[in-house]
Number of protein chains: 2
Amino acid sequence: MPTKLPQLKQDFTEGLSQISRFWGFPKGMGAIFAVLYLSPTPLPLDEIVSQTGLTKGAVSTEVRTLARMGLVHRSSKLGDRKDYYEAESDFFKSIRSILKERQNSEFDRAIRSVRETLEKLEAGTVSGDEAEVEFVYQRVKALQEFFNAIDSLSSAVIKLESLGLGNVQKILSILK
Amino acid sequence: MPTKLPQLKQDFTEGLSQISRFWGFPKGMGAIFAVLYLSPTPLPLDEIVSQTGLTKGAVSTEVRTLARMGLVHRSSKLGDRKDYYEAESDFFKSIRSILKERQNSEFDRAIRSVRETLEKLEAGTVSGDEAEVEFVYQRVKALQEFFNAIDSLSSAVIKLESLGLGNVQKILSILK
DNA sequence: TACTGTGTTTAGTAATTACTAAACGTTCTA
DNA sequence: TAGAACGTTTAGTAATTACTAAACACAGTA
């Protein structure tokens with residue numbers, strides 16, 4: 001027997017919810033994105049509310065963080081007070097803006113704290129068993145270098161015009 | 001005034017805890033890793049307990065998941081019943097094993113559900129407005145392709161002998 | 001066999017996070 | 001100015017997750 005389109009959409013939505021949760025985002029966020037992603041036209045807030053079963057408040061805040069991440073876009077029609085939302089369908093573009101978002105976040109603050117640790121060690125202002133201080137220094141330095149590599153990578157990705165399948169292929173060929 | 005080594009270690013540990021939490025892991029996990037990472041010698045469980053302030057139970061379970069991820073290694077000394085743990089210091093190696101770990105997880109199950117959605121659409125067994133079905137098909141297909149790209153990338157990384165700074169540089173030069 | 005030193009499991013608690021319901025602020029319309 | 005149609009904020013609740021305390025299992029030793 002044939003699957004009805006609304007049913008299919010709902011299954012898909014549930015799948016994306018789980019993926020969302022897996023990556024540490026609220027599952028409602030995945031659901032909202034899924035609904036928008038499968039809609040041929042931008043949707044107003046109440047439509048998202050009715051299709052996800054979440055409340056106005058929840059949708060309002062989560063759609064905002066989705067927008068900040070560049071995963072959805074907000075627009076409005078002239079002579080219509082409603083806001084309309086649509087999903088970004090270029091995922092590589094989304095990745096870039098998520099990375100960009102992360103750069104000013106809590107994450108960077110933590111990374112900066114590692115850098116500070118390293119600076120203290122380099123300034124020679126740390127007292128303790130000499131061999132151990134040296135060991136700790138080497139370790140912290142290695143971690144810092146790792147972060148730097150990740151950072152260069154993501155900066156590069158952010159600056160890219162397009163990270164299409166072509167580029168991914170090229171990368172793969174290097175890594176072989 | 002000089003910083004004392006134990007103080008430095010503790011600051012570092014707090015930093016890593018936050019990073020851990022940021023990526024959706026328990027902060028205790030980050031703390032455990034930090035303690036091991038800064039220790040010149042493998043540590044037994046009680047040592048981790050006393051240095052992190054967590055309980056035996058917590059350390060026992062979290063150190064196990066760290067080991068599954070390949071971020072720490074368990075070893076034992078002859079004539080000593082204790083287990084000893086040490087941190088993996090090659091982060092690229094860790095990334096590989098984390099990716100490997102993820103392949104058999106909940107995440108893959110969710111991705112599979114997207115693939116099933118796609119298969120139903122391709123089999124033509126979905127009923128509904130024809131234009132909309134076609135639209136939905138295109139979208140789901142695009143998402144699937146994105147997942148495939150990510151998947152190839154991570155498989156490639158998993159198979160690598162080494163993803164050192166050299167390779168990262170090469171990648172960066174492509175992406176410029 | 002009991003006892004000690006290990007790590008693990010379990011059942012419950014604390015802390016965090018996602019979400020709801022409802023009040024609120026604004027803007028437009030009558 | 002009142003009321004309606006929006007989106008936002010807030011205060012509280014539900015659900016989830018991280019962790020604790022304590023019982024447990026097992027191995028080695030007296």
Side-chain angles (χ1 to χ4, degrees), chain A residues 13-14 16-36 42-69 72-86 105-107 110, chain B residues 13-14 16-36 42-69 72-86 105-107 110:
Chain A
T13 300
E14 242 146 63
L16 269 197
S17 298
Q18 296 205 198
I19 292 175
S20 174
R21 215 174 43 151
F22 183 83
W23 288 104
F25 302 107
K27 75 173 201 271
M29 213 165 115
I32 292 171
F33 181 82
V35 163
L36 292 174
L43 299 180
L45 200 134
D46 358 352
E47 192 57 30
I48 304 176
V49 166
S50 71
Q51 289 197 34
T52 56
L54 301 175
T55 57
K56 260 199 312 171
V59 173
S60 170
T61 59
E62 306 214 318
V63 101
R64 187 158 9 122
T65 81
L66 279 168
R68 229 182 33 231
M69 288 180 170
V72 312
H73 303 290
R74 186 190 298 231
S75 60
S76 40
K77 299 179 182 170
L78 293 103
D80 184 343
R81 279 161 52 213
K82 286 179 190 158
D83 289 347
Y84 287 84
Y85 300 91
E86 64 187 317
S105 70
E106 203 58 20
F107 179 61
Chain B
T13 300
E14 241 147 64
L16 269 197
S17 298
Q18 296 205 197
I19 292 175
S20 174
R21 215 173 43 149
F22 183 84
W23 289 104
F25 302 108
K27 74 174 201 268
M29 212 166 117
I32 292 171
F33 180 81
V35 164
L36 293 173
L43 299 179
L45 200 134
D46 6 352
E47 192 57 31
I48 304 175
V49 166
S50 71
Q51 289 196 34
T52 56
L54 299 175
T55 57
K56 258 199 314 172
V59 173
S60 170
T61 59
E62 305 214 319
V63 102
R64 186 155 11 120
T65 81
L66 278 168
R68 230 184 29 232
M69 287 180 172
V72 313
H73 303 290
R74 184 189 301 229
S75 60
S76 40
K77 298 179 181 168
L78 293 104
D80 185 342
R81 281 162 49 216
K82 286 181 191 162
D83 289 347
Y84 288 84
Y85 300 92
E86 63 187 319
S105 69
E106 202 60 20
F107 179 61

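The figures that follow rest on heavy atoms only: side chains count, while hydrogens, waters and symmetry mates do not. In what follows, chains carry the letters A, B, and so on, assigned in the order in which the sequence lines appear, proteins first and then strands, with residues in each chain numbered from 1.
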Do [X] and [Y] have side chains that get closer than 4.5 Å, going by heavy atoms?
{"X": "A:Glu47", "Y": "A:Lys82", "answer": "no"}
{"X": "A:Phe33", "Y": "A:Met69", "answer": "no"}
{"X": "B:Gln51", "Y": "B:Leu43", "answer": "yes"}
{"X": "B:Tyr85", "Y": "B:Pro42", "answer": "no"}

Figure out the [atom1]/[atom2] separation between [X] and [N], and round it to whole Å.
{"X": "A:Leu43", "N": "D:dC6", "atom1": "CG", "atom2": "P", "answer": "14 Å"}
{"X": "A:Leu45", "N": "D:dT9", "atom1": "CG", "atom2": "C1'", "answer": "14 Å"}
{"X": "B:Arg74", "N": "C:dT6", "atom1": "CZ", "atom2": "P", "answer": "15 Å"}
{"X": "B:Phe25", "N": "D:dC19", "atom1": "CZ", "atom2": "P", "answer": "13 Å"}
{"X": "B:Lys82", "N": "C:dT4", "atom1": "NZ", "atom2": "P", "answer": "17 Å"}
{"X": "B:Phe22", "N": "C:dT17", "atom1": "CZ", "atom2": "C1'", "answer": "16 Å"}
{"X": "B:Asp80", "N": "C:dG7", "atom1": "CG", "atom2": "P", "answer": "9 Å"}
{"X": "A:Asp83", "N": "D:dT8", "atom1": "CG", "atom2": "C1'", "answer": "11 Å"}

Problem set entry | DNA chain D-proximal residues of residues 52-65 of chain A, any heavy atom under 4.0 Å |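 A:Lys56, A:Gly57, A:Ser60, A:Thr61, A:Arg64 - these, ordered by number, are the residues of the stretch whose heavy atoms sit under 4.0 Å from the strand.
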
Problem set entry | Which residue lies more 5' along DNA chain D, comparing A:Lys27 with A:Pro44 via nearest heavy atoms |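 Here A:Pro44 is the residue nearer the 5' end.
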
For this session: Measure from the side-chain N and O atoms of A:Thr52 to the backbone N and O of A:Ile48, and report whether any donor-acceptor pair falls under 3.5 Å.
Result: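 Pair found, side chain donor or acceptor close to backbone of A:Ile48.
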
Exercise. Between B:Ser17 and B:Gly30, is there a donor-acceptor pair closer than 3.5 Å when you use the side chain of the first and the backbone of the second?
Worked result: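 Judged by distance alone, no pair lies under 3.5 Å.
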
Problem set entry | Nucleotide nearest B:Arg21 when distance is taken to its side chain, options C:dT17, D:dG7, D:dT17 |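 Closest nucleotide among those given: C:dT17.
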
For this session: Return the nearest nucleotide to the side chain of B:Arg81; candidates are C:dC19, D:dG28, D:dG7.
Result: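 Of the candidates, D:dG28 comes closest.
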
Exercise. At what distance, to the nearest 0.5 angstrom, does OG1 of A:Thr13 lie from CG of A:Leu36?
Worked result: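 So the OG1 of A:Thr13 and the CG of A:Leu36 are separated by 10.0 Å.
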
